[in-house]
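Read the structure below first, then the notes.
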Number of protein chains: 2
Amino acid sequence: MSATMKDIANETGLGLATISSYFNGGNVRPGNREKIEAAIEKLHYEINETARGLKTDRTRTIGVVIPELQNMFAAKVICHMEDILLKHGYAMIVCDCRTDRKREREAVEFLKKRRVDALFNIPVDNEGGHLKSFLKTGRPVVLIDREIKGIACDTVCTDNFRAIADAVRLMAANGHRRLGMITGPQEISAARERLRGFRSACEELGIAEADCVTACGDDTMEGGARAAEEILAGEKHPTGMIISNYSMTVGAIIRLNEMGISIPEDLSVIGFDNINFAKAMNPVLTIVDQPETLIAEAAAELLLKRIEAAGDEAEGARHVVIPARMVEGRSVRKIRGEEK
Amino acid sequence: MSATMKDIANETGLGLATISSYFNGGNVRPGNREKIEAAIEKLHYEINETARGLKTDRTRTIGVVIPELQNMFAAKVICHMEDILLKHGYAMIVCDCRTDRKREREAVEFLKKRRVDALFNIPVDNEGGHLKSFLKTGRPVVLIDREIKGIACDTVCTDNFRAIADAVRLMAANGHRRLGMITGPQEISAARERLRGFRSACEELGIAEADCVTACGDDTMEGGARAAEEILAGEKHPTGMIISNYSMTVGAIIRLNEMGISIPEDLSVIGFDNINFAKAMNPVLTIVDQPETLIAEAAAELLLKRIEAAGDEAEGARHVVIPARMVEGRSVRKIRGEEK
DNA sequence: TTGATAAACCGAAACGTTTCGGTTTCTGAC
DNA sequence: GTCAGAAACCGAAACGTTTCGGTTTATCAA
C-alpha cells in the first residue's frame with residue numbers, strides 16, 4: 001500500500017536506523033539527507049504515527065472529556081487548546097459526556113484504551129471515580145473549571161469567588177440592596193465558589209441576609225428560566241439578578257422576555273459568559289466574562305510540561321486560578337436614593 | 001507496564017490466537033471464556049488500540065476538519081456525529097482550521113499521517129486541493145454543508161436554495177416588497193445557493209430587481225455588521241432584511257442595536273441558525289433553522305457505510321439534501337396596504 | 001467404540017516503527 | 001600518511017496486536 005521506511009532505506013541504500021534518525025532530528029550527512037528527501041518525495045512517504053505510537057508508547061494524542069460541547073465555555077477553551085496542542089504535534093480526541101456520570105466514566109475508559117498521553121477533564125462526577133484507573137497509568141490529568149478533593153492533579157479555574165463578588169459590588173454601587181442569584185448545582189466546586197462569593201460580598205456590603213434570595217438553576221437553560229421565575233415569585237422583590245453561568249443566563253432572559261419584564265427598568269441583570277451574545281442583547285447585557293483563552297493556555301502549558309517530565313519524580317499538583325472580568329453593558333439600572 | 005494478550009495467554013494457559021479470537025467475537029469454549037474474563041479482571045487488561053491499529057491498518061478514528069469550532073452550526077453537527085460514532089467505537093479528531101486554506105491543508109495532512117479511517121470536512125478551499133492526496137488513499141471523505149465540483153465524494157447539505165426562498169416568501173406574505181439580504185462569500189457553494197434562492201424567489205414574487213439589495217458579509221460577525229450598515233445606507237430602504245448565516249446575524253443585530261434601529265418597527269429581520277439565541281432576543285427573532293441533527297445522522301451513516309464497504313467496488317458519490325425549517329418569532333412586521 | 005466432520009485452538013510471522021550495541025567512515029592534529 | 005576520537009551508520013530485536021495454515025479436541029451418527 002503506502003511506502004514505509006524500509007522502502008526509503010532500499011531506495012536510498014541507507015539503513016533503517018538512519019532513516020529513523022532523520023525523522024527524529026538525529027544527525028545525518030547532508031548528502032544522505034538529500035537522498036532521503038528525494039526518496040520521500042518520490043515514494044510519497046508519510047510517517048506512520050500508529051506504528052510509532054506502538055513502539056514509543058506515546059500516541060501524541062490528548063483525551064478531552066467535557067460535560068457538553070454545546071457549552072460555550074467548554075467549546076472556547078477546547079478551541080484554544082486545540083490550537084496550542086496542534087502546534088506541538090498533538091491531536092485531541094474530544095468526548096462529550098452529556099453531563100452524565102456513566103458516559104463520563106465510559107469516555108475515560110475509551111480514551112485509556114486508545115492510550116492517550118494525557119487527559120483534560122471538566123469533571124461531572126464530583127468524586128472523581130472516573131479518573132482513578134486512568135491516574136494509575138501515571139499519565140497526567142488536568143482538571144479544568146472544577147476541582148475535586150482527594151484527586152491529586154493539576155487544576156485551572158476561574159476565580160469564581162471574586163467574579164460573583166464583583167458582580168454584587170457592581171449592583172451595590174448602583175444602589176441595589178435586594179439581590180437575587182441563580183446558582184448552579186452545589187456539588188460542583190465552581191458553583192459553590194460562586195455562591196460563596198455572592199454571600200460573602202453581600203455580607204461585606206451589609207446587605208441583609210433576608211434580602212439575598214438564591215435559586216438553583218442546574219446550569220441548564222430550562223433551570224435558569226425556572227429559577228428566574230422562582231426568584232421573582234417570592235415576596236422579596238429583588239431589584240437586581242445575578243446569573244452564574246451562560247446557559248442559565250440565556251434561559252432566564254428568555255423567560256423574563258416572556259413574562260414581559262423589561263431589563264433594566266423592571267429588573268437589573270448581570271449574566272455570565274459569551275460576550276457576543278451579551279452585545280447582541282438590547283439593551284447590551286452586563287456580564288462576567290471568563291478568560292477562556294488564558295485558561296486554555298495555562299492548561300495546555302501544565303499538560304505539556306507534565307508529559308515532557310514523564311518519568312521524572314512527579315512534583316506536587318499545581319492549582320492555577322485566573323481572574324474573570326466584568327464587561328459592563330446597560331442592563332444594570334442606577335437606583336436613586338429615594339426609590340428603594 | 002500494563003498487561004498484554006501474552007500475559008492473558010500465560011495466565012489462562014491458552015494460546016495467543018484464542019485470546020485474540022475472544023476479543024474479536026470469535027468462538028471460544030464457555031470454560032475458556034470464563035478463564036479469560038477472570039484473567040482480564042485480575043491483570044486489569046485493556047486492549048491496546050494502537051497495536052491493533054498498526055496490524056489492521058484501521059485506527060477506528062475519524063478525522064474532522066472544519067472552518068471554526070466556534071461556528072454554532074459546525075459545533076452542533078460535530079456534537080451529534082461524535083455521539084453516533086462513539087457508539088460504533090470510533091473516535092473523532094477534530095481540527096479547526098480557522099477558515100484558513102493553508103491550515104486546512106495541514107490539518108488533512110496531519111490526519112493522514114495518523115491514518116484516520118475517513119474524513120469529515122466542511123471545506124474552506126473551494127477547489128478541494130487539500131483533499132486530493134487523502135482521496136488517493138482510497139479512504140472515504142464526506143463533505144458537509146458545501147459541495148466542491150470535481151471532487152467525487154459524498155455530500156450532505158441543507159436545502160439552502162429553498163431555505164432562503166422560504167424566508168423571502170414569508171417577508172412577501174407580510175407585505176414586504178423591498179428586501180435586503182446579507183450573503184456569504186460567493187466562492188462557497190452554500191452561500192451561492194442561498195443567494196440564488198433569494199433572487200429566484202424575488203423574481204417569482206414579482207419583486208423588482210432594483211428593490212432587492214444584497215451585501216456580502218463574509219460569514220463573519222464584523223462582516224455582518226458592515227453589510228447591515230451598507231444595506232441601510234443605500235437609497236432603497238428595504239423594509240425587510242434576510243441574513244444568511246449565524247455569525248452575520250449576531251453581527252448585524254449588534255450593529256442595528258447600536259444604530260438605534262428597532263426590530264421590527266423600523267426593520268423586519270429574518271436571521272439564521274441557533275434557536276436559543278433567537279428566543280433570547282426581544283422581540284423573538286424569526287430564523288431559518290438548519291437541521292444539524294439530521295445532517296449529522298446522514299453524514300455518519302454515509303461514512304460508516306463507506307468504511308464497512310472498504311475494498312468493495314466503490315459506488316458513485318451520494319448527495320443528500322435536507323430541508324431547513326422556518327421558526328417564526330416576532331421580528332417580521334405585517335405591513336398594511338397603504339404604507340409601503 | 002469408531003470415524004468423519006466441525007469446532008477450538010495453537011504458534012509463528014507480520015504490521016512499521018524505534019532503539020540498542022556494534023561497526024564503519026570522517027575529521028583533523030601530528 | 002597515521003591515528004585517535006567523534007560522527008554516522010548499520011541490522012536485529014522489540015512493541016502488542018491479527019492472521020494464516022495446521023493441529024488438536026469435541027460432537028455425534030453409525
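Both backbone and side-chain heavy atoms feed into the values below; hydrogens, waters and symmetry mates do not. Just so you know, these numbers come straight off a predicted model, no measurement behind them. By convention in this document, chain letters (A, B, ...) are assigned in the order of the sequence lines, proteins followed by strands, and residues within each chain are numbered from 1.
Between R29(A) atom CZ and dT24(C) atom C1' there is a gap of 9 Å when expressed in whole angstrom units. Here dT18(C) presents its C1' atom at 13 Å from CG of L54(B), a figure rounded to the nearest Å. With rounding to whole Å, R58(A) atom CZ is found 23 Å from dA14(D) atom P. Between the CD1 atom of I19(B) and the P atom of dT19(D) there is a distance of 16 Å, rounded to whole Å. For D57(B) and dC15(C), the CG to P distance is 11 Å, given to the nearest whole Å. Here the C1' atom of nucleotide dC15(C) and the CZ atom of R115(B) are 11 Å apart, to the nearest Å. At whole-Å resolution of the value, NZ in K55(A) and C1' in dA14(D) are 4 Å apart. Between the C1' atom of dA13(C) and the NZ atom of K6(B) lies a distance of 13 Å, rounded to the nearest Å.
Classification of E106(A) and K102(A) as a salt-bridged pair holds, one side-chain N sitting under 4.0 Å from a carboxylate O. Under a 4.0 Å N-O distance rule, the pair E301(A)/K305(A) qualifies as a salt bridge. Electrostatic pairing of D57(A) and R139(A) counts as a salt bridge here, judged by a charged N lying under 4.0 Å from a carboxylate O. Salt bridge status for R115(B) with E49(A): absent, with no side-chain N to carboxylate O gap under 4.0 Å. A salt bridge is defined here as a Lys NZ or Arg NE, NH1 or NH2 lying under 4.0 Å from an Asp or Glu carboxylate O, and D154(B) with R318(B) fails to meet this definition. A salt bridge does not link R60(B) with D117(B): every distance from a Lys NZ or Arg NE/NH1/NH2 to an Asp or Glu carboxylate oxygen is 4.0 Å or more.
Residue-level contact check: Y45(A) touches the backbone only, with heavy atoms under 4.0 Å from sugar-phosphate atoms and none from bases. When heavy atoms are screened at a 4.0 angstrom cut-off, T56(B) is found touching the sugar-phosphate backbone but no base atom. Nucleic acid contact for G13(B): sugar-phosphate only, since backbone atoms but no base atoms lie under 4.0 Å from a heavy atom of the residue. Residue T4(A) is classed as a sugar-phosphate contact, given heavy-atom separations below 4.0 Å to backbone atoms only.
Here the side chain of A17(A) is nearest to one of dG11(D), dT18(C), dT18(D), namely dG11(D). Of the candidate nucleotides dT17(C), dC10(D), dT17(D), dT17(C) has the atom nearest to the side chain of M5(A). Comparing atom distances between the L16(B) side chain and each of dC10(D), dC10(C), dT18(D) picks out dT18(D) as nearest.
In DNA chain C, the stems built from three or more successive Watson-Crick or G-U pairs (distances below 3.5 Å) are C:1-30 with D:1-30.
Phosphate proximity of dA7(D) to N27(A): absent, as no side-chain N or O sits under 4.0 Å from OP1 or OP2. For dT17(D), neither phosphate oxygen OP1 nor OP2 lies less than 4.0 angstrom from any side-chain nitrogen or oxygen of S20(B). For the OP1/OP2 pair of dT18(D) and a distance below 4.0 Å, the side-chain nitrogens and oxygens of R52(B) include at least one atom meeting the criterion.
For residues 29-84 of chain A, every residue pair satisfying the ring pair (Phe, Tyr, Trp, His ring centres under 6.0 Å) rule, not counting sequence neighbours, is listed here: F23(A)-Y45(A).
Here D83(A) pairs with R98(B), R103(B) under the salt bridge (charged side-chain N to carboxylate O under 4.0 Å, His left out) rule; sequence neighbours left out.
Nearest-nucleotide positions on DNA chain C place N48(A) closer to the 5' end than the other of N48(A) and S21(A).
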